[in-house]
A.B. asks: 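Next up is a structure, given as structure tokens.
We number each residue from 1, following the sequence as shown. Both counts, for ligands and for their atoms, begin at 1 and track the order of listing.
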Amino acid sequence: MTTATTPEPGQAGDEAAPSAPRLEQFEEGITLDRFITETANAHPENKGKFSALLRQVSLASRLVSARVNRAGLLGMFGGTGEVNVQGEYVQKLDEYANTAFKRALDHAGCVCAIASEEDEEPYYVPERFHSGRYVFAMDPLDGSSNIDVNATIGTIFAVFRRKSPEGTPADIDDILRPGTEIVAAGYTIYGSGTMMVLSTGEGVHGFTLDPAVGEFFLSHPDIRLQPSAKLYSVNEGYAASWTPAMRGWIEGIKMPGAGWAQRYIGSLVADFHRNLLKGGIFLYPATKKNPEGKLRLLYEAFPLAFLAEQAGGAATDGRRRVLDLQPDQLHTRTPLIIGNKDNVDEVTRLLSAEGGP
Ligand code: P6P
């Protein structure tokens, strides 16, 4: 008689089964377009503008997916030779993704402003296209330092309803908002397949692209995070610059018998996506060198925090709930602790007690 044993971390089977797509979802062929229509029918007050926005995000995602998948053949690897506002070398695909999303959104009559990691200033939609009712904040291609090695990358985005009247010129006050005012958020991940993970405030749902027909199909309905998991994602190369409480917690989960596993791709969207599906906590804590952290609040931490909470998880900056934060400028950075709620709460309690770096 064999007894079921829990595999050691790192052994095959040690990872929690991902929220496997229900076969009937494919059989029913629920497309992203149908999901958008059903969402619109439930919210007629949006007058189809929200649907238009999501459809344009889908179009841009498919364009970027096609380009990413053929980058090596099209000479799209490598940099443009420019350095962006973040002080990072711009990759050719960064520039392509940035342009693709801005062009897909600016003339659709649904967006008044686009804030992008790649642009120092916001792009205010010109009046000839109609200054629409939503603000779109994005990292057009997160993880782009991994492009040339074919590691998973993605587009991360958040959507706000503007504060100023539709049809008038938008301004920075429409953009610099607390995360609690997000109306939708998601990401499109370009990996072994292309998948859009989206929440409009009613749960988190994953749509997988079938490149043969150019359509996203509902493959991961109602993605949920368990209260806790034993998988952590952090760049331990910075351990010397962490605070004692951060170092202590990591050392604690590495003790023999603790049963934790470590996974770190170095692409936020990929690390978050794995943790969302299989459970895990991602940590990019404050360090002595970067007390404000590395990741950007408006278009990286906010969207993922919105998704994490919609899936039953949590996200903090080590002391405060991320969604309660308010960016004071477009590219405000923040530390990020995100994933299963009990794990995030535990780390946040420890970091709060020591008061930060
Ligand atoms: P580090 C990619 O450049 C990125 O912005 C995120 O996608 C990723 O999580 C982080 O930086 C990795 O940073 O310092 O570990 O290389």
A.B. asks: Give the atoms of ligand 1, by number and element, whose distance to some non-hydrogen atom of D142 is under 4.0 Å.
C.D. replies: 5 (O), 6 (C), 7 (O)
A.B. asks: Considering both backbone and side-chain atoms of S267, is one of its nitrogen or oxygen atoms within less than 3.5 Å of a nitrogen or oxygen in ligand 1?
C.D. replies: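 So ligand 1 has no N or O lying under 3.5 Å from an N or O of S267.
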A.B. asks: Side chains of residues 107-114: which donor-acceptor partners sit under 3.5 Å, not counting sequence neighbours?
C.D. replies:
| unit_1 | atom_1 | unit_2 | atom_2 | d |
| --- | --- | --- | --- | --- |
| H107 | ND1 | R103 | O | 2.8 |

A.B. asks: Have a look at R321 and tell me which of T348, V344, T180 forms a side-chain contact (heavy atoms from CB on, under 4.5 Å) with it.
C.D. replies: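 It is T180; the other options fail the test.
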A.B. asks: Do S65 side-chain atoms and S61 backbone N/O form a donor-acceptor pair below 3.5 Å?
C.D. replies: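 Side chain of S65 to backbone of S61, a donor-acceptor pair under 3.5 Å: no, none is there.
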A.B. asks: Applying a heavy-atom cut-off of 4.0 Å, say which part of R296 lies close to ligand 1: side chain, backbone, both or neither.
C.D. replies: side chain
A.B. asks: Counting only heavy atoms, tell me which of Y264, Y238, F272, F282 gets closest to atom 14 (O) of ligand 1.
C.D. replies: Y238
A.B. asks: Of the backbone atoms (N, CA, C, O) and the side-chain heavy atoms from C-beta on, which set of L268 has a member under 4.0 Å from an atom of ligand 1: side chain, backbone, both, or neither?
C.D. replies: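 Within the 4.0 Å criterion, L268 contacts ligand 1 through backbone and side-chain atoms alike.
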A.B. asks: Nearest to atom 10 (C) of ligand 1, what protein heavy atom do you find, and at what distance?
C.D. replies: K294 NZ, 3.8 Å
A.B. asks: What residue among L283, N275, I281 forms side-chain contact (heavy atoms from CB on, under 4.5 Å) with S233?
C.D. replies: N275
A.B. asks: Checking the side chain of R247 only, and the main-chain atoms of A239 only, is there a donor and an acceptor separated by less than 3.5 Å?
C.D. replies: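 Here the side-chain-to-backbone pair exists.
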